Amino acid sequence: MARRIDVTGTGGVRLAAWEFGDPPKTDPAGSDPARDVPDGSPGVLLLHGLMGRASHWASTARWLSGRYRAVALDQRGHGRSDKPPQGSFTRDAYVDDAESALEQLGLAPVVLIGHAMGALTAWQLAAKRPDLVRGLIICDMRASALGAASQREWAQWFKSWPLPFATLADVRKWFGEDDPWVERPNPARGEFYAEVMAESPDGWRPVFDPEQMLRSRETWVYDAHWEGLTQVRCPALVVRGLDGELGRAEAQEMVRVLPRGQYAEVADAGHLVHYDQPEAWRAAIEPFLDSLGTG
């Protein structure tokens, strides 16, 4: 199960965090319920990618909850968190939100696990606040700038979506088979996008605003983020799907740049590594987690 804990991000944005695992024991002294966990339980914060939501981490978080206090965050503009029309969607805003969530949840020193955009947020937070982070897992996120052409392609892609979808089955089929960006049928991709749709009076639409997603994406389309990697002091694991967006050469350069970097890859997986191959994903990160211990 997962329980919701609301936290406050920068600028007063309300963020929904989700703690996975068994319900916490109630402290008869009436302490903060977000901290009612057994003493010594290390924390993990999971950060989804662009357009994602905390529930995309459900399988991973439930697996982790056997040994960690596992919390996944709906980042601003995503999931059940606020989507302020005039809000900031800069790198600083995302990083400050994650920092605030860690402190309010009492998770530090934490292991950060991020996918795509969430991975960038994770390594930037690890660089900014090394006192809060004891381990970092970067899943399929590039450090290089993608370029203006990439942003134009995404804008056109959003416009190509046949909204509204009549049913969730239509969502799964379009994103898993019919989307021109799909090279071969990918049911996991269909499920991924079905998770970020909500029913409206005229059909199923995304829970996020595509314009806010494009604004969020600008922060790595036009800027490279290699310098942040050099400032990460904790052990860090770079994981890529063999058919993902992060190429092997760039991934290995990221490992070289990280002061304490390690590398892993998952076969038969694309960008959505933890969705495409959940068991292989867990096998890839478990040795790294073991190496961190419990303190």
Side-chain angles (χ1 to χ4, degrees), residues 2-3 5-10 15 17-22 24-25 27 31-48 54 57 60-75 91-115 117-139 141 225 227-239 254-255 257-262 264 274 282 284-295:
R3 68 178 183 121
I5 307 169
D6 283 347
V7 296
T8 303
T10 187
L15 304 171
W18 303 86
E19 183 166 359
F20 289 80
D22 294 331
K25 296 179 180 179
D27 184 346
S31 65
D32 181 352
R35 298 172 186 269
D36 291 341
V37 295
D39 290 341
S41 296
V44 171
L45 183 67
L46 300 112
L47 299 171
H48 59 74
W57 286 117
T60 297
R62 291 191 184 102
W63 169 67
L64 290 169
S65 68
R67 58 194 285 191
Y68 297 97
R69 184 172 169 221
V71 178
L73 181 68
D74 278 337
Q75 296 171 83
R91 283 285 86 224
D92 285 345
Y94 279 106
V95 174
D96 290 349
D97 282 350
E99 179 182 2
S100 296
L102 279 184
E103 293 178 329
Q104 291 169 54
L105 293 165
L107 284 174
V110 74
V111 177
L112 291 176
I113 302 178
H115 173 247
M117 179 190 74
L120 176 55
T121 300
W123 88 60
Q124 290 182 318
L125 177 55
K128 177 185 178 184
R129 291 292 306 272
D131 57 309
L132 296 181
V133 185
R134 67 186 189 91
L136 169 68
I137 298 178
I138 297 167
C139 179
M141 180 61 187
H225 295 284
E227 184 177 355
L229 291 172
T230 69
Q231 300 168 1
V232 174
R233 301 180 193 174
C234 65
L237 177 68
V238 177
V239 184
M254 291 169 65
V255 172
V257 167
L258 284 159
R260 302 172 67 183
Q262 301 176 40
H274 55 302
R282 293 193 291 267
I285 67 173
E286 188 168 24
F288 175 79
L289 294 171
D290 289 343
S291 73
L292 298 176
T294 58

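Below, all heavy atoms of this structure are taken into account, side chains as well, without hydrogens, waters or symmetry copies. Just so we're clear, the structure is a prediction, and the values are computed from it rather than from any experiment.
- Note that CG of D290 is 4.5 Å distant from CZ of R67, once rounded to the nearest 0.5 Å.
- The two atoms that bring P235 and F288 nearest to each other are O-CZ, 3.4 Å, heavy atoms only.
- The two atoms that bring H48 and L73 nearest to each other are CD2-O, 3.1 Å, heavy atoms only.
- Taken from OH in Y68 to CG in L292, the straight-line distance is 6.0 Å, to the nearest 0.5 Å.
- By the 4.5 Å heavy-atom criterion applied to side chains, R134 and P42 are counted as neighbours.
- Atom CD1 of I113 sits about 9.5 Å away from atom CG of L136, to the nearest 0.5 Å.
- Atom CG in L112 sits 7.5 Å away from atom SG in C234 (nearest 0.5 Å).
- In terms of the salt bridge (Lys or Arg N to Asp or Glu O under 4.0 Å) criterion, residue partners of D97 (sequence neighbours excluded) are, by chain and number, R76.
- Looking at residues two or more places apart in sequence or on another chain, you find a side chain to side chain donor-acceptor pair (under 3.5 Å) between W18 and D74.
- V110 and G43 get closest at one heavy-atom pair: CG2-O, 3.2 Å.
- In this structure, NE2 on H225 lies 13.0 Å from OG1 on T230, to the nearest 0.5 angstrom.
- No more than 12 heavy atoms of other residues, nucleotides or ligands lie within 6.0 Å of CZ in R233, so this atom counts as exposed by the packing criterion.
- Judged as a salt bridge (Lys or Arg N to Asp or Glu O under 4.0 Å), and not counting sequence neighbours, the contacts of R129 are E99, E103, D131.
- At a threshold of 4.5 Å between non-hydrogen side-chain atoms, the residues L105 and R69 count as touching.
- The two residues G228 and W123 have their closest heavy-atom pair at C-CD1, 4.0 Å.
- With salt bridges taken as basic N to acidic carboxylate O contacts below 4.0 Å, none links K128 and D92.
- Here salt bridge (charged side-chain N to carboxylate O under 4.0 Å, His left out) pairs that include residues 117-127, with residues two or more places apart or in two chains, number zero.
- When the ring pair (Phe, Tyr, Trp, His ring centres under 6.0 Å) test is applied to H115, the partners found at least two apart in sequence or on another chain are H271, H274.
- Of the possible donor and acceptor atoms, none in the side chain of Q75 sits under 3.5 Å from a partner among the backbone N and O of G118.
- Residues W63 and I285 form a side-chain contact, since some pair of their non-hydrogen atoms from C-beta on lies under 4.5 Å apart.
- The minimum heavy-atom distance between A54 and A72, with the atom names listed, is CB-CB, 3.6 Å.
- Of all non-hydrogen atoms in C139 and A119, the two that sit nearest each other are N-CB, 3.9 Å.
- By the side chain to side chain donor-acceptor pair (under 3.5 Å) test, D6 pairs with R4, sequence neighbours left out.
- Residues L125 and L102 are in side-chain contact: their nearest non-hydrogen atoms beyond the backbone lie under 4.5 Å apart.
- Between L15 atom CG and I5 atom CD1 the span is 12.5 Å, to the nearest 0.5 Å.
- Residues L289 and L64 form a side-chain contact, since some pair of their non-hydrogen atoms from C-beta on lies under 4.5 Å apart.
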